[in-house]
Each structure stands twice: as structure tokens, then as C-alpha cells.
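Please read the structure below before turning to the comments.
Ligands are counted one by one from 1 in listed order, and the atoms in each one are counted from 1 as well. Count residues from 1 along the sequence. Just so it is clear, the values below take in all heavy atoms, side chains as well, and ignore hydrogens, waters and symmetry mates.
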Amino acid sequence: MSKPANTDHDIHDVLSARWSPYGFSDRAVDKAVLSSLFEAARWAASSFNEQPWRFLVATRDEPEEFARMLSCLTDGNQEWAKHVPVLILTVASTKFERNDKPNGSAWHDVGLASASLAFEATARGLSLHWMGGIHRERIRSEYRLPEGFEPVTAIAIGYAEKIEAVPEPFRKRDRSPRTRRPIEEFVFSGAFGKPAAITGG
Ligand SMILES: Cc1cc2nc3c(=O)[nH]c(=O)nc-3n(C[C@H](O)[C@H](O)[C@H](O)COP(=O)(O)O)c2cc1C
């Protein structure tokens with residue numbers, strides 16, 4: 001199943017193809033493909049090359065580990081994510097290793113690495129669904145996160161498919177149109193809120 005963005009301007013196919021499905025097929029993700037996804041994350045840019053991202057991964061072929069990670073998601077997310085083949089938790093290292101000072105870019109850079117992972121996945125025909133609906137305290141204790149490490153998101157990865165196993169309202173959301181605010185509402189020049197001329201505003 002695909003749901004390409006209906007764009008106002010030309011963008012690369014890998015960007016328009018990425019979307020967040022709820023229905024995933026049972027098809028497992030090859031270990032070599034997973035390694036490529038983390039390799040893509042590895043080469044993301046980061047403030048002072050700190051590489052503050054950490055990933056915890058669980059696949060359905062390890063049912064105990066999978067159930068453990070699933071329990072770190074909110075109930076609503078568990079309902080559909082229990083069908084995905086791969087779950088990931090993203091974690092940020094919040095201090096610079098070189099001087100122990102707070103890294104104000106840590107969450108940004110975890111997002112950047114996750115985006116690299118997402119586009120590598122999309123280019124390989126996989127889909128991802130990020131989740132902010134996670135139990136942060138539970139993640140901290142289940143995985144014994146050291147001091148200075150913060151849970152950021154969970155990510156479901158697999159092959160998007162229209163499947164009956166996914167309950168409503170998720171199936172309906174998979175069928176609903178994708179929407180975005182127009183560029184004029186978030187690209188400004190001269191003053192905050194003043195649409196940039198480049199956007200035609
Ligand atoms: C950081 C982040 C957190 C999200 N959290 C959730 C979540 O907890 N549950 C969920 O169903 N979708 C979640 N989403 C998915 C968004 O709802 C989705 O990306 C957005 O509606 C845009 O749709 P698209 O990704 O298909 O373009 C999250 C996305 C991001 C980037």
C-alpha cells in the first residue's frame with residue numbers, strides 16, 4: 001500500500017513516498033536491510049559530531065524482547081504496533097562526551113538520524129511509523145538507561161499493507177488523505193509570520 005504526498009512543488013520520490021501507515025504485513029525485515037538502515041542513521045550530521053543517537057531494536061522473531069518493547073508503548077499504539085515486524089526505541093545522549101555540558105541539539109540530531117533511517121527504509125520499499133506515545137519511565141527502567149540518556153520516540157518498521165488485522169480507527173486513518181499547511185504559513189522573510197517572497201507570498 002502506498003499513499004504518496006500530493007505536493008505543490010517537485011520533491012524527490014523518496015520524500016513523497018514516505019508516509020506513516022498503521023497496517024503492516026507479517027513479512028520480516030531482512031537483517032542485512034536493518035543493518036543498512038542503521039548505517040544510514042550512522043552517517044547523519046550532528047552537532048560537534050557527537051552522534052547522540054542510540055537505538056534499541058526488537059524484532060517479532062524474538063517474542064519476549066518484542067513484547068517487552070511493545071509494553072513501552074501507550075495502549076493506543078500497542079493496538080496496531082503489535083503486528084509490525086520491527087520496533088525501535090530512539091534514545092538521546094543529552095550531554096557532550098567531551099565536556100559533559102548539555103547538548104541542546106541532542107533531540108534534533110536523534111531526529112536527523114531517524115530521518116536518514118526513514119529515507120533509507122523508504123528507498124528500500126519499507127515503511128515507518130514514529131511514536132511519541134511511549135512510556136518514558138518504563139523505557140528508562142526496562143532498559144536501564146544510564147544517567148544522561150533520554151527516551152525520544154519509538155519507530156515501527158515493516159512493509160505497509162492494507163490488512164484486516166488492524167482495528168478501527170487505524171484502518172480508517174490509513175485510508176484518509178494526507179494534509180499539510182501551505183509553505184506560506186511556515187517560510188518567512190523580514191519578520192516572523194511574513195511569507196517569504198520566494199514562496200509566492
Ligand atoms: C515524533 C513523532 C511522534 C509521533 N507519534 C505518533 C504516535 O504516538 N502515534 C501515532 O499513531 N502516530 C504518531 N506519529 C505519526 C504522525 O501522526 C504522522 O507522521 C503525521 O500524521 C503525518 O503523517 P505522515 O507521516 O503519513 O505524513 C508521530 C510522528 C512523529 C514524527
Inset, instruction - Might you check, step by step, whether the distance between atom 17 (O) of ligand 1 and some protein heavy atom is under 4.0 Å? - result: no

Inset, instruction - Determine the sole option in V57, L56, L37 for which the side chain to side chain contact (heavy atoms under 4.5 Å, CB included) test with I88 is passed. - result: V57

Inset, instruction - Specify the protein heavy atom at minimum distance from atom 31 (C) of ligand 1: its residue, its atom name, and the distance to 0.1 Å. - result: W130 CB, 3.9 Å

Inset, instruction - Measure R180 to ligand 1 on non-hydrogen atoms and call it side chain, backbone, both or neither using the 4.0 Å cut-off. - result: side chain

Inset, instruction - Using a 4.5 Å cut-off on heavy atoms from C-beta on, say whether the side chain of I134 contacts that of C72. - result: no

Inset, instruction - Tell me yes or no: between the side chains of N77 and T74, is some donor less than 3.5 Å from an acceptor? - result: yes

Legend entry - Under-4.0 Å protein heavy-atom contact, atom 21 (O) of ligand 1: no

Inset, instruction - Please indicate whether any nitrogen or oxygen in S20 is less than 3.5 Å from any nitrogen or oxygen in ligand 1. - result: yes

Legend entry - Taking atom 15 (C) of ligand 1 as the reference point, the nearest protein heavy atom with its distance: H129 NE2, 3.6 Å

Legend entry - Ligand-side contact atoms (ligand 1) for residue partner G133, heavy atom cut-off under 4.0 Å: 8 (O)

Legend entry - pair W130-S114: side-chain heavy atoms closer than 4.5 Å: yes

Inset, instruction - For atom 5 (N) of ligand 1, find the nearest protein heavy atom and state the residue, atom name and distance (0.1 Å precision). - result: G132 N, 2.7 Å

Legend entry - Protein contact of atom 1 (C) of ligand 1 - nearest heavy atom, named by residue and atom, plus distance: T153 CG2, 3.9 Å

Inset, instruction - May I ask you to decide if the ring planes of F48 and F96 are parallel, tilted or perpendicular, using 30° and 60° as cut-offs? - result: perpendicular

Legend entry - Atoms in ligand 1 with a heavy atom of W19 nearer than 4.0 Å: 26 (O)

Inset, instruction - Return yes when Y22 approaches ligand 1 closer than 4.0 angstrom through a heavy atom, no otherwise. - result: yes

Inset, instruction - For residues R60 and D26, determine if any side-chain heavy atom of one lies less than 4.5 Å from a side-chain heavy atom of the other. - result: yes

Inset, instruction - Run the ring-centre check on W19 versus H129 and record whether the distance is less than 6.0 Å. - result: no

Inset, instruction - Take every heavy atom of K3, measure it against each atom of ligand 1, and state whether any distance is under 4.0 Å. - result: no

Inset, instruction - Quick one: do F24 and Y159 satisfy ring pair (Phe, Tyr, Trp, His ring centres under 6.0 Å)? Show the steps, please. - result: CA-CA 5 Å; F24 287 86; Y159 295 91; 9.1 Å; no

Inset, instruction - Using modelled atom types only, decide if a donor and an acceptor are shared between the side chain of K3 and the backbone of D174 within a distance under 3.5 Å. - result: yes

Legend entry - N77 and ligand 1 - part of the residue with a heavy-atom distance under 4.0 Å: side chain

